[in-house]
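Single-structure report; data block below.
Predicted model, so just to flag it, every value in this text is computed and none were measured. Chain letters run A, B, ... following the sequence lines, proteins first, then strands; residues in each count from 1.
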Amino acid sequence: MAASKNNKEKLPTLLPSGNREYSFFEQVFEVARQIPMGRVTTYGAIAEYLGAKKSARMVGWAMNAAHDQTPPVPAQRVVNRNGMLSGKAHFSTPTLMQELLEKEGITVQNDTVVDFEKILWKPE
DNA sequence: GCATTGACGAAGG
DNA sequence: CCCTTCGCCAATG
């Protein structure tokens with residue numbers, strides 16, 4: 001079955017605007033909500049879990065819409081593969097993301113999560 | 001409707 | 001080791 005790639009059962013359509021059906025975006029939201037307090041994950045890990053490892057960018061894009069989701073999506077727990085708070089600029093204030101993480105017991109230095117690999121959590 | 005832009009990541013130079 | 005390019009796919013201009 002090398003000729004066919006049928007692993008695309010999820011998601012072509014999405015759009016947080018208008019369409020409220022299950023979509024790649026919503027799946028991202030759900031996974032993000034699974035991240036335990038005090039832990040973090042990466043865009044790539046979420047994308048990989050959803051079967052679209054190469055679409056890590058879409059995960060980040062989904063996070064853009066996450067602000068409007070209920071229950072809220074802990075977007076602060078999603079960082080890039082280096083443990084860097086690449087999304088902090090998209091929060092209300094440039095420091096909010098770090099502050100939220102620190103409230104959960106996560107130490108952040110130089111926009112990067114300390115002991116990132118130790119607190120890294122991956123969906124299963 | 002094409003071109004640019006991403007909260008990414010892996011690969012190449 | 002640092003920088004650039006490519007892939008991925010939706011949103012925006």
Side-chain angles (χ1 to χ4, degrees):
Chain A
M1 47 175 57
S4 62
K5 53 181 216 184
N6 45 13
N7 201 9
K8 280 190 97 163
E9 57 179 276
K10 9 198 137 193
L11 81 92
T13 49
L14 38 104
L15 279 316
S17 55
N19 191 345
R20 289 289 183 184
E21 285 196 43
Y22 279 101
S23 62
F24 184 80
F25 279 42
E26 286 209 359
Q27 292 183 56
V28 172
F29 301 151
E30 285 189 58
V31 174
R33 292 186 190 114
Q34 311 305 313
I35 308 172
M37 167 96 52
R39 307 289 295 277
V40 297
T41 194
T42 68
Y43 304 97
I46 295 175
E48 184 176 35
Y49 172 72
L50 296 179
K53 180 165 104 182
K54 296 179 180 179
S55 299
R57 284 176 137 188
M58 297 301 99
V59 177
W61 205 258
M63 285 293 127
N64 237 346
H67 293 292
D68 207 346
Q69 300 305 314
T70 51
V73 177
Q76 70 276 12
R77 295 179 190 153
V78 185
V79 297
N80 72 359
R81 72 168 184 96
N82 297 313
M84 188 169 148
L85 280 54
S86 48
K88 68 169 192 172
H90 292 263
F91 283 75
S92 306
T93 67
T95 56
L96 181 58
M97 186 174 185
Q98 177 170 340
E99 290 173 9
L100 289 172
L101 290 173
E102 290 177 336
K103 284 177 184 173
E104 300 182 0
I106 297 174
T107 305
V108 178
Q109 285 182 1
N110 197 15
D111 294 336
T112 304
V113 175
V114 176
D115 292 330
F116 164 64
E117 295 186 14
K118 292 181 182 176
I119 65 176
L120 175 61
W121 174 90
K122 289 187 179 180
E124 59 179 318

Task: Listed once per pair and sorted, the ring-ring contact (aromatic ring centres under 6.0 Å, His included) pairs that draw on residues 86-115 of chain A, sequence neighbours left out - done: H67(A)-F91(A)

- [ ] Taking N80(A) for its side chain and N82(A) for its backbone only, find out whether a donor-acceptor pair lies under 3.5 Å.
- [x]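 Yes: the side chain of N80(A) pairs with the backbone of N82(A).
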
- [ ] Could you tell me whether a side-chain N or O of T112(A) sits under 3.5 Å from a main-chain N or O of N110(A), the two making a donor and an acceptor?
- [x]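 Looks like yes, one N/O pair under 3.5 Å.
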
What heavy-atom pair brings [X] and [Y] nearest, and what distance separates the two atoms?
{"X": "V78(A)", "Y": "T42(A)", "value": "CG1-C, 4.1 Å"}
{"X": "M58(A)", "Y": "F25(A)", "value": "O-CE1, 4.5 Å"}
{"X": "M63(A)", "Y": "Y43(A)", "value": "CG-CE2, 4.3 Å"}
{"X": "F24(A)", "Y": "S55(A)", "value": "CZ-O, 4.4 Å"}

Task: Of residues 87-96 of chain A, the positions that come close to DNA chain B - non-hydrogen atoms, cut-off under 4.0 Å - done: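 Here the set is G87(A), H90(A), F91(A).
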
TODO: Strictly below 4.0 Å, heavy-atom distances to any atom of DNA chain B: list the hits from residues 111-124 of chain A, or just say none.
DONE: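 Here the set is empty: none.
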
Check every strand shown and say whether [X] touches a base, only sugar-phosphate, or nothing at a heavy-atom separation below 4.0 Å.
{"X": "N64(A)", "result": "base"}
{"X": "A62(A)", "result": "nothing"}
{"X": "R81(A)", "result": "sugar-phosphate"}

In whole Å, what is the span from the [atom1] atom of [X] to the [atom2] atom of [N]?
{"X": "M58(A)", "N": "dG6(B)", "atom1": "CE", "atom2": "C1'", "answer": "8 Å"}
{"X": "N82(A)", "N": "dG9(B)", "atom1": "CG", "atom2": "P", "answer": "7 Å"}
{"X": "K53(A)", "N": "dC6(C)", "atom1": "NZ", "atom2": "C1'", "answer": "15 Å"}
{"X": "Y43(A)", "N": "dG6(B)", "atom1": "OH", "atom2": "C1'", "answer": "12 Å"}
{"X": "L100(A)", "N": "dA7(B)", "atom1": "CG", "atom2": "C1'", "answer": "15 Å"}
{"X": "F25(A)", "N": "dC8(C)", "atom1": "CZ", "atom2": "C1'", "answer": "12 Å"}
{"X": "R57(A)", "N": "dT4(B)", "atom1": "CZ", "atom2": "C1'", "answer": "11 Å"}
{"X": "M63(A)", "N": "dT5(B)", "atom1": "CE", "atom2": "C1'", "answer": "19 Å"}

- [ ] Could you work out which one of dG9(B), dA7(B), dG6(B) sits closest to the side chain of W61(A)?
- [x] dG6(B)

- [ ] Measure from the side-chain heavy atoms of A56(A) and tell me the nearest of dC9(C), dG9(B), dA7(B).
- [x] dG9(B)

Task: pair P123(A)-T41(A): side-chain heavy atoms closer than 4.5 Å - done: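 SC-SC contact between P123(A) and T41(A) confirmed.
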
- [ ] Would you kindly say whether Q76(A) and Q98(A) are connected by a side-chain donor-acceptor distance under 3.5 Å?
- [x] no

Inter-nucleotide [atom1] distance ([N], [M]), Å rounded:
{"N": "dT5(C)", "M": "dT4(B)", "atom1": "C1'", "value": "16 Å"}
{"N": "dC2(C)", "M": "dA7(B)", "atom1": "P", "value": "22 Å"}
{"N": "dT5(B)", "M": "dT4(C)", "atom1": "P", "value": "15 Å"}

- [ ] For the pair E104(A) and R77(A), find out whether any cationic side-chain nitrogen is under 4.0 Å from an anionic carboxylate oxygen.
- [x] yes

Open item on the list: For a quick test of reading the model: is some side-chain N or O of S55(A) closer than 4.0 Å to OP1 or OP2 of dC8(B)?
Closed with: no

